[in-house]
Novice: 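Structure in structure tokens, see below.
All ligand and atom numbering here is 1-based and tracks the order in the structure. Every value quoted in this text rests on a predicted model; they were computed, and no experiment measured them.
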Amino acid sequence: MIKYDLSRRAFMKGAGAAAAVSTLPLSLVELAFADPAQNFTFGYISDSHIQHVKGAKFVRNWDRGLIRAVAETNLLRPRPDFVMFGGDLAQLGTKEELDHGAEMLSKLSHKLYCVMGEHDYYLDLGEYWSKLYGDHYYSFDHKGVHFVVLNSILTYDEWTFDRWPTAEQRMLEMAGLDNPNGSPFMVGEKQREWLAKDLETVDKATPLVVFSHSPIQKIYKGWNFWTEDAEEVQAILAPFARTSVIYGHVHQIQYNQIGNITFNSVMATAWPWPYPQSYAQAEHHLPKLTVPMNRADPFFERDATGWQFVDVGTGKVALEYNLYNNTNRRVAYNPVTGQPEDSAYQDPARQIAPQDHF
Ligand SMILES: [Fe+2]
Ligand SMILES: [Fe+2]
């Protein structure tokens, strides 16, 4: 059943969020459950890219993005049950950056879970990150939903262990876009075996939410909007009737539906990436379903960055995107069409093309 709620939703009454949505003429769609007590939300903050300059100096804008997201999250009522951080806390994976980011995240008044990003990983292969946040991949259950966190940014052993004279160079090579020395991301065989085993004991009707950093899809290889073993991971998830994959890394709104699996990206607090088709004249596979954000301009660094609420209950999630300098968006699963849809812009007549940059 779909309940049309013409007023802003209660959870958007947090002071910071209310300011951001006060002019929105949206009719919000709320998925209603047989037992509304089952509903819950969590906050999701991603891709803060905290960057050390020298001494006590860090790039201010990236700091401000994360500080604001944490402050707004703390104001949310009702409180999100927990907060997930979607990876790329640091820019170059140093202890200084991870400590500085962790200090800001420690101001959250919620339980925090973290996903590994490539910018957190490739300096010391996640060693210091582990001291702060524990396992690189894990699962947990919450109110009838099974949550899985994957480390999707691994790559070939030869690239990781043999190729580079220093760890710093390895990190820099993985940090760049359009870098011929880069290497595609993957979940890898060991973790896929773990995932299959983890899911063995989970009832196939249980809502499943999987967090990864890179998309468990193949969208654009040049920028690693790509996971090399996406199909193998999707096959492990396929038997579950209600599966959602939520990912960061792409710094833009993307959504898709493949079989039973819905895919939703989360935004960055640091900067937006343009859409591959608007920037690189190269083959790409942006999901046909995805309506690009209005004017995601990489030369306006705060444009279309943000954070989001995620509603869970049916196992198909709905994301409210709060975008600091852009139109807020809501992408929710529509049980009538069987796919995620943008509440305001899915209609082609209402879509605004992203800027071209070539
Ligand atoms: Fe990122
Ligand atoms: Fe990333």
Novice: Check the side chains of T227 and S214 for a donor-acceptor pair under 3.5 angstrom, ignoring hydrogens and angles.
Specialist: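 Result is yes, a qualifying pair exists.
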
Novice: Could you please compute the angle at the Fe ion (ligand 1) from OD2 of D88 to NE2 of H49, rounded to 10°?
Specialist: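 It rounds to 90°.
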
Novice: Would you mind naming the N, O or S atom of H249 nearest to the Fe ion (ligand 2)?
Specialist: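 Result for H249 and the Fe ion (ligand 2): ND1.
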
Novice: Both conditions, 6.0 Å and 45 degrees, for the charged tip of K221 above the ring of F225: are they met here?
Specialist: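 Relative to the ring axis of F225, which defines the angle, K221 lies outside at least one limit.
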
Novice: Quick check: closest heavy atoms across G93 and M171, and the distance to 0.1 Å?
Specialist: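 Where G93 meets M171 most closely, the heavy atoms are N-SD, 4.4 Å.
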
Novice: Looking only at side chains, do N224 and H249 share a donor and an acceptor under 3.5 Å apart?
Specialist: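 Note: N224 and H249 side chains miss the donor-acceptor criterion.
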
Novice: Closest N/O/S atom of D47 to the Fe ion (ligand 1), by atom name?
Specialist: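 Nearest N/O/S atom: OD1.
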
Novice: Between F240 and V202, which heavy-atom pair has the shortest distance, and what is it?
Specialist: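 That would be CE2-O, 3.6 Å.
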
Novice: So which N/O/S atom does H251 have closest to the Fe ion (ligand 1)?
Specialist: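 When I compare the N, O and S atoms of H251, NE2 is nearest to the Fe ion (ligand 1).
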
Novice: Is E118 close enough that one of its N/O/S atoms sits under 2.8 Å from the Fe ion (ligand 1)?
Specialist: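 Given the 2.8 Å cut-off, E118 does not count as a ligand of the Fe ion (ligand 1).
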
Novice: At less than 2.8 Å, would any N/O/S atom of H119, backbone or side chain, sit next to the Fe ion (ligand 2)?
Specialist: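 It does not; every qualifying atom lies at 2.8 Å or beyond.
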
